[in-house]
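What you are looking at is a predicted structure, and each value in this text was computed from that prediction instead of being measured. Proteins come first, then strands; the chains are lettered A, B, ... in the order of their sequence lines, and each starts at number 1.
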2 protein chains.
Amino acid sequence: MAFSKKSEFTKEDIWLADIAKVLSHPARIRILKLLNSMDSCMVGNIVDQLPLSQSTVSQHLKELKRLDLIEGEIDGPKVCYCINSKTLARAKKELDKLFSLICNC
Amino acid sequence: MAFSKKSEFTKEDIWLADIAKVLSHPARIRILKLLNSMDSCMVGNIVDQLPLSQSTVSQHLKELKRLDLIEGEIDGPKVCYCINSKTLARAKKELDKLFSLICNC
DNA sequence: ATTGTATATCGTAAATATACGATCATATAC
DNA sequence: GTATATGATCGTATATTTACGATATACAAT
């Protein structure tokens, strides 16, 4: 493509699309579920649960962090990730708005 | 990448990720909103409302149709698209399940 | 200081997505 | 029949995503 036309849409639609994009890989959905179910949220534990290399998981974590869906806390040489409920709640609200608009559900 | 690892996740996560992927472009979000607000749902009307060429819009419609989020009905030389509420309701339900899992919201 | 452990980043290859113009197929109108 | 209109598909260029191994960084322990 010559260049992306995404910027020609509304800010709201772009943000929702961006959130959807972060959720558009099963690894990232899995990671979000894991972060909420595990006692520990170290990267190593996440890597162990996924069929992906450490570097690939790190990339997925970066994407989740970029959209503020998760937060990382440095703990010595380790990093502990956790869900950012605030952003997720906002995402849920906006998705609800979209669905109520387009299909009354 | 050598090849995608998406198939190594659960069917549920893959389906949700696929739905999210369809929603991951502002043009497709805009199209869904338009289909519900316009009297007519002809392709031409949709093209008029988007900053994209006819062929690009057709590609986006194909994606929405692939996941069964919309349905097309042939009307002479025209095609009328409409929302498939059933699939959207299922998507909403699965997204709700995900959000309640990961952030109690 | 050295060694080990945990994670991020870099470089890179292949897959997929985005976008367009051109063309094709089909239905209507003449 | 031919022309016109609508929308899908093809071909193609570029951008982005996905994935990995290798390397770098940062801290901890010895």
Side-chain angles (χ1 to χ4, degrees), chain A residues 1-9 13-14 17-31 34-35 38 40-67 70-82, chain B residues 1-9 13-14 17-31 34-35 38 40-67 70-82:
Chain A
M1 54 190 148
F3 59 97
S4 171
K5 294 265 182 108
K6 282 181 185 169
S7 59
E8 300 191 25
F9 294 86
D13 285 352
I14 292 169
D18 244 16
I19 289 290
K21 189 162 70 181
V22 175
L23 299 176
S24 76
H25 195 292
R28 291 191 288 264
I29 290 185
R30 189 93 197 85
I31 289 171
L34 279 171
L35 285 187
M38 292 199 308
S40 163
C41 49
M42 273 173 38
V43 175
N45 296 115
I46 300 169
V47 173
D48 289 347
Q49 303 284 327
L50 298 182
L52 299 169
S53 72
Q54 180 264 317
S55 60
T56 301
V57 171
S58 191
Q59 250 180 124
H60 284 305
L61 290 169
K62 197 179 178 182
E63 267 303 287
L64 287 163
K65 209 165 48 176
R66 186 176 67 82
L67 268 287
I70 65 174
E71 287 169 318
E73 195 187 341
I74 294 166
D75 171 26
K78 305 179 184 179
V79 177
C80 241
Y81 280 101
C82 61
Chain B
M1 56 189 146
F3 59 96
S4 171
K5 293 267 184 103
K6 282 183 187 170
S7 59
E8 299 190 25
F9 294 85
D13 285 353
I14 292 169
D18 244 15
I19 289 290
K21 189 162 68 182
V22 176
L23 298 178
S24 76
H25 195 292
R28 292 192 288 265
I29 291 185
R30 189 90 197 87
I31 289 170
L34 279 172
L35 286 186
M38 291 199 308
S40 164
C41 51
M42 275 171 36
V43 175
N45 295 117
I46 300 168
V47 173
D48 288 347
Q49 303 283 326
L50 297 182
L52 300 168
S53 72
Q54 181 264 317
S55 60
T56 301
V57 171
S58 191
Q59 250 180 124
H60 284 305
L61 289 169
K62 196 179 179 183
E63 267 302 287
L64 288 163
K65 210 165 48 178
R66 185 177 67 83
L67 267 289
I70 64 173
E71 288 169 319
E73 194 189 339
I74 294 166
D75 170 25
K78 304 180 183 179
V79 176
C80 240
Y81 280 101
C82 61

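OP1 or OP2 of C:dC20 has at least one side-chain nitrogen or oxygen of B:T56 nearer than 4.0 Å. The side chain of A:K21 contributes an N or O atom lying less than 4.0 Å from OP1 or OP2 of D:dT17. Contact annotation: B:Y81 side-chain N/O to D:dA8 OP1/OP2 distance is under 4.0 Å. Phosphate contact (OP1/OP2 of D:dC20, side-chain N/O of B:K5, threshold under 4.0 Å): present.
Rounding to whole angstrom units, CD of residue B:E71 and P of D:dG7 are separated by 17 Å. Rounded to whole Å, atom P of C:dT26 lies 17 Å from atom CG of B:D75. At whole-Å resolution of the value, CD in B:E73 and C1' in D:dA8 are 18 Å apart. Atom CZ in B:R66 sits roughly 14 Å away from atom P in D:dT9 (whole-Å rounding). Rounded to an integer number of Å, the gap from NZ of A:K62 to C1' of D:dT25 is 14 Å. To the nearest angstrom, P of C:dA19 lies 10 Å from CG of B:L50. As rounded to whole Å, 15 Å separates atom C1' of D:dT18 from atom CD1 of B:I14. Regarding B:K78, its NZ atom lies at a distance of 10 Å from the P atom of C:dA29, rounded to whole Å.
Taking the nucleotide of DNA chain D with the nearest heavy atom to each of A:G76 and A:L52, the more 5' of the two is matched to A:L52. Checking A:R28 against A:Q54, the closest nucleotide of DNA chain D that is more toward the 5' end is the one next to A:R28.
As judged by a 4.0 angstrom heavy-atom cut-off over every strand, B:E63 is placed among residues making no nucleic acid contact.
Contact of A:S55 with D:dG21 (side chain to base): a donor-acceptor pair of N or O atoms is detected under 3.5 Å. The base of C:dA8 has none of its N or O atoms less than 3.5 Å from a complementary donor or acceptor on the side chain of A:Q59.
Taking only side-chain atoms of A:P77, from C-beta outward, the nucleotide of C:dG21, C:dT5, C:dT7 with the closest atom is C:dT5. Closest contact between the side chain of A:H60 and the listed nucleotides D:dT18, D:dA8, D:dC20 involves D:dT18. The nucleotide whose nearest atom lies closest to any side-chain atom of A:K6 is, among D:dC20, C:dT18, D:dT18, C:dT18.
A donor-acceptor pair under 3.5 Å is formed between the side chain of B:K5 and the backbone N or O of A:P51. The closest donor-acceptor contact from the side chain of A:S24 to the backbone of A:K21 lies under 3.5 Å.
The distance from the NZ atom of B:K62 to the CG atom of B:L64 is 13.0 Å, given to the nearest 0.5 Å.
Proximity of B:R66 to B:D18: side-chain heavy atoms (C-beta onward) are separated by under 4.5 Å at one or more points.
Using cut-offs of 30° and 60° for the angle between ring planes, the B:H25 and B:H60 rings count as tilted.
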